[in-house]
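Shown next, in structure tokens, is the structure this report addresses.
What you see below is based on every heavy atom in this structure, not just the backbone, and it leaves out hydrogens, waters and symmetry mates. Below, chain A is the first sequence line, B the second, and so on; all start at residue 1. Every value quoted in this text rests on a predicted model; they were computed, and no experiment measured them.
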Amino acid sequence: MIAEVYIDIPANPVNKPFDYRIPEGLEEVVEPGMRVTVPFGRTRRLGFVTKLKNESSFKQLKTIDSVEDHHPVLTQELLELGDWLARTTLCTRVAAFQAMLPAAMKADYKKLIEVEQPDQLQASDPELASFLSKVKNPMWSEVVKHHPKLSNRMKRAISQGLLSIHQLVQNQARAKKVIHVSAAVSREQLENACAQMTARAIRQKEVLQFFVQQSDLSSFQLPLADLVNQGFSRDAVNKLEEKGLLHDEQVDHYRDPFLKKVEKTYPLDLTSEQSEALTPILESIEHEEHRVFLCHGVTGSGKTEIYLQSIQHVIAQSKQAIVLVPEISLTPQMVLRFKGRFGEQVAVMHSGLSRGEKYDEWRKIREGKVQVVVGARSAIFAPFKHLGLIIIDEEHESSYKQEDIPRYHARDVAIHRAKTHQCPVVLGSATPSLESFARAGKHVYTLLSLKKRVNQRPLPSVEIVDLREEMREGNHSVFSKILLEKIRDRLEKKEQTVLFLNRRGYSTFVMCRSCGTVVTCPHCDISLTYHRAQHLLKCHYCGYEQKMPDTCPTCASDAMRFFGTGTQKVEAELNRLLPEARVIRMDVDTTRKKGSHEHLLRQFGEEQADILLGTQMIAKGLDFPKVTLVGVLAADSLLHLPDFRASEKTFQLITQVSGRAGRHALPGEVVIQSYTPDHYAVIDAAHHDYEAFYQQEMELRHRAGYPPFYYLALISMTHPEPAKVAEAAERVASILNNNLSQSSQVYGPVVPAISKINDRYRYQCMVKYKREPALLPVLHKILQHFQESGKNNLQISIDLNPVVLM
DNA sequence: AGCACGCCGACT
DNA sequence: GTCGGCGTGCTC
């Protein structure tokens, strides 16, 4: 038997199957979707078995060393999905596989140094010999790290046969085992044994008495570690096991990141709007029919309850459901809603979990221990075997697009998987992406509308403040008079305020006031960002940092000033203007520690603060009854980014943030501060008018030839020498022009807004197309052509349907 | 991705 | 003459 194996190297030259002989004894074991260790060149690598066959066109086959898995880690469906992913995002097969598996499944490669000829090594290189004899298991990387000069001497010793290298391929995925102790015999027998113990065996008696006291003795078991923690003697337990009175057992342990008790919730009564939306979803589940629903519901319209009841239906059919939620709204509250309804049947997947925790959640899914997974983007690859439903909440969120390889969009993967499983997809949003809403308009998706909030609360009243006018009147503060007044009012009424500051597009850079010099990164074409805590200037692209200069590097004046507004600055301003207000600041700095996110929100929920000031992360999901005022400090900070989706993002953001106010008994108010108060994105958001925004934005996209009217493909290349990239970019543009149909347009090559990152110069080409069968083959050829030959350091990357155009 | 082969320049 | 730089090509 022969296995086709993809070697665990995400690079083009090895992106093809390699044939290996399956050794006798493993013939019945190896299956497609398993990981194996194979000799590759002169190294050993992990590989993915994709196919079994009887013959190979290669004469001299090597043999599989070992099999890493008891069961395939990739189901047949996921293997095919990997193939599709590689094709449609132009990535390698293993890059696709790795994206579908928890990080713990990645192999750890180590090289162990073994001394073959100690005497001869002693003679030829005594220093090396004595060094190696001092270390227990000398690893190549460790030795080279601490003594770089030894590297060449070891290579020489290897070529002389004095040393050899053992390639270790370590599987990081290890299920944590825990020893559980239980009674091996009946209660009476334990009592008898206890009575017969010698007077000296006090510790053993203690343990026996503990077990005898347990009411449910026959099913009672607990971890050995817990026993020891309660003060029982480990030796005594061991003795009792030897005597056959107690029994121990290795139990798979799932690290549960959610140990807290969860209160069970039950299905709520639905409003008529909700039932109308739910019915077609249930029908689709019932009939095992693939459909895509776009659930357009205003904030607070009860979309989650629809999700929950749909899932309930899926579980009742013994099928499984995937729920995708953007990373930033995957908060404990959010997860609790699902755990509350479905309890133990829910697995959670997000970046806050440790490697091991993620692996455990993944195992629960694969082993059928859970029926629901709630997770961020990558949870779309959950290895369920009978998918009954996929839900994507906040469908418009750009975080569903992975920015690095494989550059997939979770929405596309969801629809592809749902087709294979013949099940529905529900896309939910208060502000659907134009792409999805347009598809609903064309009846490709089924539109479900929820126009009312469940508790009949009106949407908050929204006021737009013109910051230019404030400026003219001499108010240079970040707070307009009206907003400040309203905050004061809430302080008096003991109500709460949420202030939202979007930092993107407003990063704090440093500029010289007398000559206008902006301090930029020497490696990247971008201004450095000021970090107050360390008084440093840092580059957000390459990590370069330098001391904050005292004087201007160009004109030597001492008028270096910070520009831009950060949350820290706003907090300082709040403290100055409203010293009595208690403020909680939530941004990357204050939420870095695990659990601090949750902690700050709980503090705010318990009304230990009057004002919650934060960035993106507070735009979603917050639901506090006492919040009656929401302030958007700079609504147009996104509007001027060089991005055709800038208006859409602005509209979405204002709408989401406004939704945080007045969700309960007290009515809500929203103040939007803007320098462009007459922009339709700002006005339509203030009026809660999605349709108006949609119409206007669609017209613009149509005129400019952007999605959803055209698809985009972005080809970016980088090289240390500007002339080399320029040349390559020209070649790429002409290949595209010569091979694509007339209906497609090729733009560029152009230098992007950030022209250099990490000492590499950048160029881009863009393709706009409606239907272009030649696109994938041509792009494939371009990739092949420019990286096959290792083309002197040119890097080329392709992003189909890019979300970020920088 | 590694790793070796191979072909050039600067040293004992 | 040898050591060592990194361009090129292969790995079932």
### Query
Taking only residues at least two apart or on different chains, which pairs with a member in residues 90-102 of chain A satisfy salt bridge (Lys or Arg N to Asp or Glu O under 4.0 Å)?
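Matches after skipping sequence neighbours: A:Asp83-A:Arg93.
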### Task
Decide whether A:Glu367 and A:His71 meet the rule of one side-chain donor and one side-chain acceptor closer than 3.5 Å.
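Not at all, the side chains of A:Glu367 and A:His71 share no donor-acceptor pair under 3.5 Å.
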### Task
Indicate whether any N or O donor in one side chain lies under 3.5 Å from an N or O acceptor in the other, for A:Glu772 and A:Ser744.
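There is such a pair (donor and acceptor under 3.5 Å, judged by atom type) between the side chains of A:Glu772 and A:Ser744.
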### Task
For the pair A:Arg645 and A:Glu435, find out whether any cationic side-chain nitrogen is under 4.0 Å from an anionic carboxylate oxygen.
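Yes.
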### Message
I'd like to know if A:Arg35 pairs up with A:Asp8 as an ion pair, taking the criterion as any Lys NZ or Arg NE/NH1/NH2 lying under 4.0 Å from an Asp or Glu carboxylate oxygen.
### Response
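No.
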From [atom1] of [X] over to [atom2] of [N], roughly how many Å is that when rounded to an integer?
X       : N      : atom1 : atom2 : result
A:Arg21 : C:dC12 : CZ    : P     : 13 Å
A:Ile2  : C:dC12 : CD1   : C1'   : 10 Å
A:Phe18 : C:dC12 : CZ    : P     : 7 Å
A:Ile9  : C:dC12 : CD1   : P     : 11 Å

### Task
Could I get the full list of side-chain contact (heavy atoms from CB on, under 4.5 Å) partners for A:Pro802, not counting sequence neighbours?
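A:Leu712, A:Leu714, A:Asp799, A:Leu805.
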### Task
Taking heavy atoms of chain A and a 4.0 Å limit, find me the 5'-most and 3'-most nucleotide of DNA chain B within that range.
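Contact span on the strand: B:dA1 to B:dA4.
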### Message
For the NZ atom on A:Lys51, are there more than 12 heavy atoms of other groups (residues, nucleotides or ligands in this structure) within a distance under 6.0 Å?
### Response
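No, because the 6.0 Å sphere around NZ of A:Lys51 holds 12 heavy atoms or fewer from other groups.
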### Query
Counting any heavy atom closer than 4.0 Å, what does A:Lys155 reach on the DNA or RNA strands: base, sugar-phosphate only, or nothing?
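Counting heavy atoms under 4.0 Å across all strands, no contact is made by A:Lys155.
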### Task
Go through residues 40-64 of chain A and report each residue with a non-hydrogen atom lying under 4.0 Å from DNA chain B, sorted by number.
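Residues of residues 40-64 of chain A that come under 4.0 Å of DNA chain B are, in numerical order, A:Arg42, A:Thr43, A:Arg45.
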### Query
Which residue pairs pass the ring pair (Phe, Tyr, Trp, His ring centres under 6.0 Å) test when at least one of the two sits in residues 22-52 of chain A, sequence neighbours left out?
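Of all non-adjacent pairs touching residues 22-52 of chain A, those that pass ring pair (Phe, Tyr, Trp, His ring centres under 6.0 Å) are A:Phe18-A:Phe40, A:Phe48-A:Phe97.
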### Message
Before you tell me yes or no, could you show the steps for A:Glu361 and A:Lys358 under salt bridge (charged side-chain N to carboxylate O under 4.0 Å, His left out), namely the whole-Å CA-CA distance, both residues' side-chain angles and the distance that decides it to 0.1 Å?
### Response
CA-CA 5 Å; A:Glu361 296 297 293; A:Lys358 280 185 199 153; over 6 Å; no
Provide a list of protein-nucleic acid N or O atom pairs under 3.5 angstrom, restricted to nucleotides 1-4 of chain C.
none

### Query
Is there a donor-acceptor pair under 3.5 Å between the side chain of A:Arg44 and the backbone N or O of A:Gln167?
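The answer is yes, because a donor-acceptor pair under 3.5 Å joins these two groups.
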### Task
State, to 0.1 Å, how close A:Pro10 and A:Gln98 come at their nearest heavy-atom pair, and which atoms those are.
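Residues A:Pro10 and A:Gln98, closest heavy atoms: CG-OE1, 4.4 Å.
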